[in-house]
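Structure first, then comments.
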Number of protein chains: 2
Amino acid sequence: MTQPPQSYRELETLISAEYDTLSKRLQQTARFILDHPQEVALATVAKIAEQADVTPSTLIRLANSLGFNGFSEMQQLFRSRLVNELPNYTERISAVRSATGETPDSTQLLWEFADANRAVLEQLPGRIDPEALEKALDIFEQAQSIHVMGARRSFMVASYMTYALAHVDKPALLISGLGGMYGEQLRAMSQHDALLTISYSPYAEESQKACEDAHQRGLPIVVITDSTLSPLARFADVVFVVNEAEVKSFRGLTASFCLTQTLAIGLGVRQNKSSERGLSPDIRKDP
Amino acid sequence: MTQPPQSYRELETLISAEYDTLSKRLQQTARFILDHPQEVALATVAKIAEQADVTPSTLIRLANSLGFNGFSEMQQLFRSRLVNELPNYTERISAVRSATGETPDSTQLLWEFADANRAVLEQLPGRIDPEALEKALDIFEQAQSIHVMGARRSFMVASYMTYALAHVDKPALLISGLGGMYGEQLRAMSQHDALLTISYSPYAEESQKACEDAHQRGLPIVVITDSTLSPLARFADVVFVVNEAEVKSFRGLTASFCLTQTLAIGLGVRQNKSSERGLSPDIRKDP
DNA sequence: AGGATATTGGAATAAATATTCCATTTAAAC
DNA sequence: GTTTAAATGGAATATTTATTCCAATATCCT
């Protein structure tokens, strides 16, 4: 028995090579599975057979005649294709390794970082709930000014957001804790403001405190975090869950920066729109 | 029996709402399935249970207590999430690219940003000179401490770099100008240190000043900027030119962050290597 | 501390699903 | 046109996988 293909690619190649030698039904089935890989990955033999208008036996025969040990073995290839096509980067990275060949470690590392972050950006927009985005912008638009909180790693994102907000002329205050004045900065939050908190896994005390405080004062709260189950989520009116890349046990922030940019610029676009309709056609431009 | 969620998003919401009312094992399981949706979509109950370190029963109990009629019903949601994520991508992107000006809604904007930044990350590693990378790391490795300068927009990157360097135990000082003390901070630079300056198009006076100063004092200088012709380049021992995405006349920083990460972690890797050979096997972990 | 209640693990069972096998049909060869 | 070989469908069977149920354990309450 010829050994079976090890990847979806190999399978494709094999099928087109052997296509002519297959019987009529087997050709029909082969065509179907290549046309509906998703179906094949997830459905049962019976369901697939029905859709392809063949009997279950035929499916199994096809798998066997392609060198597999039963249909299930072939199905695995379709399943791994499904997850690899999504930015699951393990395979991709090894491809990078071989493609770059003789490069110093540092360049290798750069490829890894760039690739991991690229993968994360590919997932991001599909995983953000459009309604949540709109709702967050509603909140920000109505707020007099926006307080932005982020400790340690999240501070970078908070700081970036504050910068971007200033850029679109939205009053923004970074809760920096500078000079140990967290308390004072929190007390500056008024009812007409809104709070954006960014916080990741060992969720900083200060960030939770900020949310609690804002919640008590009745401010609307938007949270960017790394899990639906984050303790920050309980206080939030809108929660964004972002997935960041991890390389060498160092977590990136690319997705958060991208989301942050979108929120700020999205707000800017809205403001321009309403001011065009209204009084001052204050169109901002760039750095 | 409460009716089950109809989509993955609803499931997420339900879990975070009910999380507190779940038992210990059920919480553990819930956390796992949210963290490993891919696994849940494709593996069998037994496999998932093993990975989550619970018994199969628990998995089924969780599904039931979330309103589903058995685990398989819940798994369907994970599967449909898997297939819905993929085909949208190319479709969505081309929609974004053609629909210039049309439907400037926030989600559209998010796709635009994500795609633009993704494109930038794809180019980045090919455009960075491997030798420059190595040389920069040489400089940083030999430096007693690293001073990091960046004004306005570049400040975000400088601040990120400082954070990342601290993370790999490299003494780093951010030249922030806090309290108007640029001069004082610059004077703190010693001959045994190095300077990393980040600066983009309307190149800030302060950044140039910092480079001049460091140059006079004989410090090695690494520059991250946006053009070979940047005024900063004249003082630099190593120059990195990065290309950032521009959407709605707002320039991103994704590539710079990525390069910055690489420099910091690359330095960390080197330090680990030499300390393994040498005395203290100081292996760093995690954020 | 001691009983009541809820939670958990694991083996037993039920259900779903893949695979085999044989009778029947279709195509090929002479 | 008959014989032979290959291909096919579908019911029977084997296997895998989900689910139930009960005994053991932990947790809560008084």
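First the proteins, then the strands, lettered A, B, ... as listed; each starts at 1.
- With C:dG9, C:dT20, C:dC21 as the choices, the nucleotide that has an atom nearest any side-chain atom of B:T55 turns out to be C:dG9.
- Nucleotide C:dA18 holds its P atom 7 Å from the CD1 atom of A:I48, rounded to whole Å.
- Nucleic acid contact for B:S57: base, since at least one base atom lies under 4.0 Å from a heavy atom of the residue.
- Of the listed nucleotides (C:dA18, C:dT20, D:dT27), C:dA18 has the atom at the smallest distance from the side chain of A:F71.
- Side-chain proximity of A:R61 to the nucleotides C:dG9, C:dC21, D:dT27 is greatest for C:dC21.
- Distance from the side chain of A:S23 is smallest for D:dA7 among the nucleotides C:dA18, D:dT19, D:dA7.
- Applying the 4.0 Å criterion to OP1 and OP2 of D:dT16, one finds that B:T44 has every side-chain N and O outside that range.
- Per the geometry, NZ belonging to A:K47 stands 6 Å off P belonging to C:dT17, to the nearest Å.
- C:dA18 atom P lies 12 Å from atom CG of A:L42, rounded to whole Å.
- Comparing B:A43 and A:T21 against DNA chain D, the residue whose closest nucleotide sits nearer the 5' end is A:T21.
- With sequence neighbours excluded, the residues that form a side-chain hydrogen bond (donor to acceptor under 3.5 Å, both in side chains) with A:T225 are A:S230.
- Summarising the geometry, the separation between CG on B:N64 and C1' on D:dA18 is reported as 11 Å, rounded to the nearest angstrom.
- When distances are taken from the side chain of A:L26 to each of D:dT19, D:dT8, C:dT8, the shortest belongs to D:dT8.
- In plain terms, the two heavy atoms of B:A264 and B:V168 that are nearest each other are O-CG2, 3.7 Å.
- Between the B:N64 side chain and the B:G70 main chain, a donor and an acceptor come within less than 3.5 Å of each other.
- When rounded to the nearest whole Å, the span between CG of B:N69 and C1' of C:dA14 equals 15 Å.
- Between the CZ atom of B:F68 and the P atom of D:dT19 there is a distance of 12 Å, given to the nearest Å.
- Only one option out of A:S154, A:S256, A:S227 pairs with A:Y200 in a side chain to side chain donor-acceptor pair (under 3.5 Å); it is A:S256.
- In this pair, B:H167 and B:Y163 present their aromatic rings tilted. The plane angle is within the 30 to 60° band.
- Atom CD1 of B:I60 and atom C1' of C:dA14 are 12 Å apart (whole Å).
- What separates CG of B:L59 from P of C:dG10 is a distance of 15 Å, to the nearest Å.
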